[in-house]
Amino acid sequence: MTLATGTQQAGLPALPHWETVPDDLAAAIREIKPALRARIESSGRTVEEVFAVVEERVRARLAEIQADKERGESVWPVIDYADIANGTVTPEQLDKLRRRGCLIVRGHFERDQALAWDASIVDYVERNEFFENYRGPGDDFFGSVGSKPEIYPVYWSQAQMEARQSDRMANVQSFLNSLWKHESEGVQWFDPNRDALYPDRIRRRPPGADSGGLGTHLDPGTLDLWLTRAYQQAFRHLFDGSIEEYDPWDAAHRTAGPQYPGSTMCSAFRTFQGWTALSDMDHDQGVLHTVPIPEAMAYLMLRPLLADVADDDMCGVTTNQVFPANEKWHPLLMEALTGIPDVKAGDSVWWHCDMIHSVAPITDQKGWGNVMYIPAAPWCPRNEEYAAKVREAFLTGSSPSDFPEEHYERTWTGRFDLDRLNETGRRGLDLA
């Protein structure tokens, strides 16, 4: 539904907005695009001029990335867990982390602990005859990897919950959350020191596996990023002519607004997506790649407003699918796509929630490729609302509501139970 009042900032044209999915997506897109262009142009700048500012920022970051590659240096920042825990991360490391928006945490967990968790997950799924009862991929997106299975719809194992509620995980999440501007306009947008314990799945890819990987995409939302009032406010500097003030680390207005439902949605606000390695993985074995440029989100949001895009098209973005990034519309960004370095069991990998990422395909993989997906999802109104659904799923062994309704674990033995929650776990499920 279009709200007649629109979104009004002083002296700027109002924007129409839709707080639920429009009945006619093409019509909504045809309405919002000229409205966004008019708002930009009311500043005295054209859309092309604003986009040129973004493009220049992206080119500068791309030049830095290419220079690192030429010097043989890691494009991805790498920080030891001990430095995070001891508060000894250097200013230079912090600066690179903010510029790149991604991170490897070395030794986040002891290697023996990670390997033990990996073994315990195998025991958990085998004891409960998962493979005998597996019904195939529950969603179209991860189904594309061609695994049998590669992504396990398992959420409540001892290993996953122990990692989620551990002090070592909380330390890293707080460190990452603190990179964001989480207070402004008299509002605390989120609590950086409390995580919502967002449950996700595991990946186990065996030696010799062939995997189709995952194409370049991002996960913060889809058309709601342009069409809802909260996101129009969150991305206000892209659309009001003040592009130089856009800050990809500003959480303002991102933690309370609605999200359009879909098969690949994330109801929670995540500062970083992440996973913890349960096996050693070499950099050329079908690993994660990102476009390590946080400012790229501005490029993605403004690109559909240029004249070469059809009036009812947002460069392929639609509902019920991930937000695509590709050579057709974003060739400059694709030049920056960079894979992670080698990682060891117990290392963790993190990338800004707005970041373009992919998983490279692999044929005849060498060694295992096993991870637990655990993000940083700080406590905020949006995450508090989702926590109620997570809590119910935890208590019943169900698949969380963001994920396909597979519910394998409802009858499983050895599931993590309420009595094992520590203080961090209870706060994350809003049971404290």
Side-chain angles (χ1 to χ4, degrees), residues 2-20 32 35-36 38-45 50 53-54 57 94 97-99 101 173-196 198 218 220-221 223-260 266-272 294-302 352-355 375-387 427 430:
T2 305
L3 302 184
T5 56
T7 299
Q8 184 68 50
Q9 288 174 248
L12 295 174
L15 293 176
H17 57 93
W18 296 257
E19 301 307 284
T20 58
I32 194 64
L36 290 170
R39 174 170 281 214
I40 291 171
E41 290 165 3
S42 72
S43 72
R45 307 171 89 172
V50 170
V53 173
V54 173
R57 289 176 71 176
L94 284 172
L97 174 51
R98 287 193 176 94
R99 283 186 287 112
Q173 289 166 332
S174 295
F175 169 74
L176 293 170
N177 292 338
S178 69
L179 296 168
W180 283 70
K181 182 180 180 180
H182 56 273
E183 291 188 33
S184 63
E185 303 174 25
V187 177
Q188 183 181 37
W189 302 103
F190 65 76
D191 180 350
N193 297 313
R194 180 182 179 184
D195 192 82
Y198 186 84
L218 55 156
L223 291 175
D224 43 344
L225 301 180
W226 289 275
L227 299 182
T228 62
R229 179 164 54 185
Y231 276 118
Q232 289 170 357
Q233 292 173 314
F235 294 118
R236 60 200 178 280
H237 296 303
L238 306 184
F239 303 132
D240 68 4
S242 60
I243 185 64
E244 288 81 2
E245 296 178 41
Y246 169 67
D247 179 4
W249 299 100
D250 184 358
H253 305 287
R254 297 194 59 164
T255 59
Q259 183 123 32
Y260 289 173
C266 176
S267 296
F269 168 68
R270 298 175 290 192
T271 55
F272 281 78
E295 295 90 346
M297 192 65 186
Y299 187 110
L300 292 160
M301 294 294 292
L302 289 166
H352 187 290
C353 60
D354 291 346
M355 192 159 282
W379 200 256
C380 62
R382 187 165 150 188
N383 293 355
E384 181 177 4
E385 181 178 346
Y386 188 61
R427 291 178 74 221
D430 209 17

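The structure displayed is predicted, hence computed values, not measured ones.
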Is there a side-chain contact between Gln188 and Thr255 (heavy atoms, below 4.5 Å)? no

Arg45/Glu244 ion pair, N-O < 4.0 Å: yes

Closest approach of Arg270 and Pro375, non-hydrogen atoms and distance? CD-CB, 3.6 Å

Those residues at least two apart in sequence (or on a different chain) that pass salt bridge (charged side-chain N to carboxylate O under 4.0 Å, His left out) with Arg98 are none

Heavy-atom check, side chain of His17 versus side chain of Thr228, under 4.5 Å: no

Assess the residue pair Lys181 and Trp249 against the criterion (side-chain contact (heavy atoms from CB on, under 4.5 Å)); give the C-alpha distance rounded to whole Å, side-chain angles, the decisive distance to 0.1 Å, and a yes or no. CA-CA 6 Å; Lys181 182 180 180 180; Trp249 299 100; 5.7 Å; no

Just checking, any donor-acceptor pair under 3.5 angstrom between side chains of His237 and Ser242? yes

I need the minimum non-hydrogen distance between Asn177 and Pro378, along with the two atoms involved. ND2-CB, 3.6 Å

Are side-chain N/O atoms of Ser184 and Trp189 paired as donor and acceptor at under 3.5 Å? yes

Phe269 backbone acceptor or donor facing Asn383 side chain under 3.5 Å: yes

What are the two closest heavy atoms between Leu218 and Met297, and how far apart are they? CD1-SD, 3.5 Å

Measure the shortest side-chain to side-chain distance between Asn193 and Trp379 over non-hydrogen atoms and say whether it is less than 4.5 angstrom. no

Taking Asp224 for the side chain and Tyr260 for the main chain, is one N or O donor matched with an acceptor at less than 3.5 Å? yes

Run the ring-centre check on Phe175 versus Trp180 and record whether the distance is less than 6.0 Å. no

Would a 4.5 Å heavy-atom cut-off, applied to side chains only, mark Arg382 and Ser267 as touching? no

Using atom types as modelled and distance alone, determine if a side-chain donor or acceptor of Glu19 lies under 3.5 Å from a backbone N or O of Pro258. no

Is any side-chain heavy atom of Glu185 less than 4.5 Å from a side-chain heavy atom of His253? yes

Measuring from atom CH2 of Trp226 to atom CE of Met301, what distance do you get when rounded to the nearest 0.5 angstrom? 5.0 Å

For Asp195 versus Ala377, what's the shortest heavy-atom pair and its separation? OD1-N, 2.7 Å

Within the 4.5 Å heavy-atom criterion, are Ile40 and Asp240 side-chain neighbours or not? no

Run Phe190 and Thr271 through side-chain contact (heavy atoms from CB on, under 4.5 Å) and show every step you take. CA-CA 10 Å; Phe190 65 76; Thr271 55; 4.0 Å; yes

Quick check: do Tyr246 and Phe235 have side-chain heavy atoms less than 4.5 Å from each other? yes

When every non-hydrogen atom of Ala14 is compared with those of Arg39, the smallest separation belongs to CA-NH2, 4.1 Å

Before accepting this row, confirm whether a basic side-chain N of the pair Asp250/Arg236 lies closer than 4.0 Å to the acidic partner's carboxylate O. yes

Between His182 and Ala252, is there a donor-acceptor pair closer than 3.5 Å when you use the side chain of the first and the backbone of the second? no

How would you list, by chain and number, every residue that makes a salt bridge (charged side-chain N to carboxylate O under 4.0 Å, His left out) with Asp354, sequence neighbours excluded? Arg254

What's the verdict on side-chain contact (heavy atoms from CB on, under 4.5 Å) for Val50 and Leu238, showing C-alpha distance, side-chain angles and the deciding distance? CA-CA 8 Å; Val50 170; Leu238 306 184; over 6 Å; no

Can you list the steps and then say if Leu176 with Gln173 is a side-chain contact (heavy atoms from CB on, under 4.5 Å)? CA-CA 5 Å; Leu176 293 170; Gln173 289 166 332; 5.8 Å; no

If you count heavy atoms of other groups shown closer than 6.0 angstrom to CD of Glu183, is the number above 12? yes

Residue pair Leu36 / Leu15, side-chain heavy-atom distance below 4.5 Å: yes

Residue pair Tyr231 / Leu225: nearest heavy atoms and the distance that separates them: CB-O, 3.4 Å

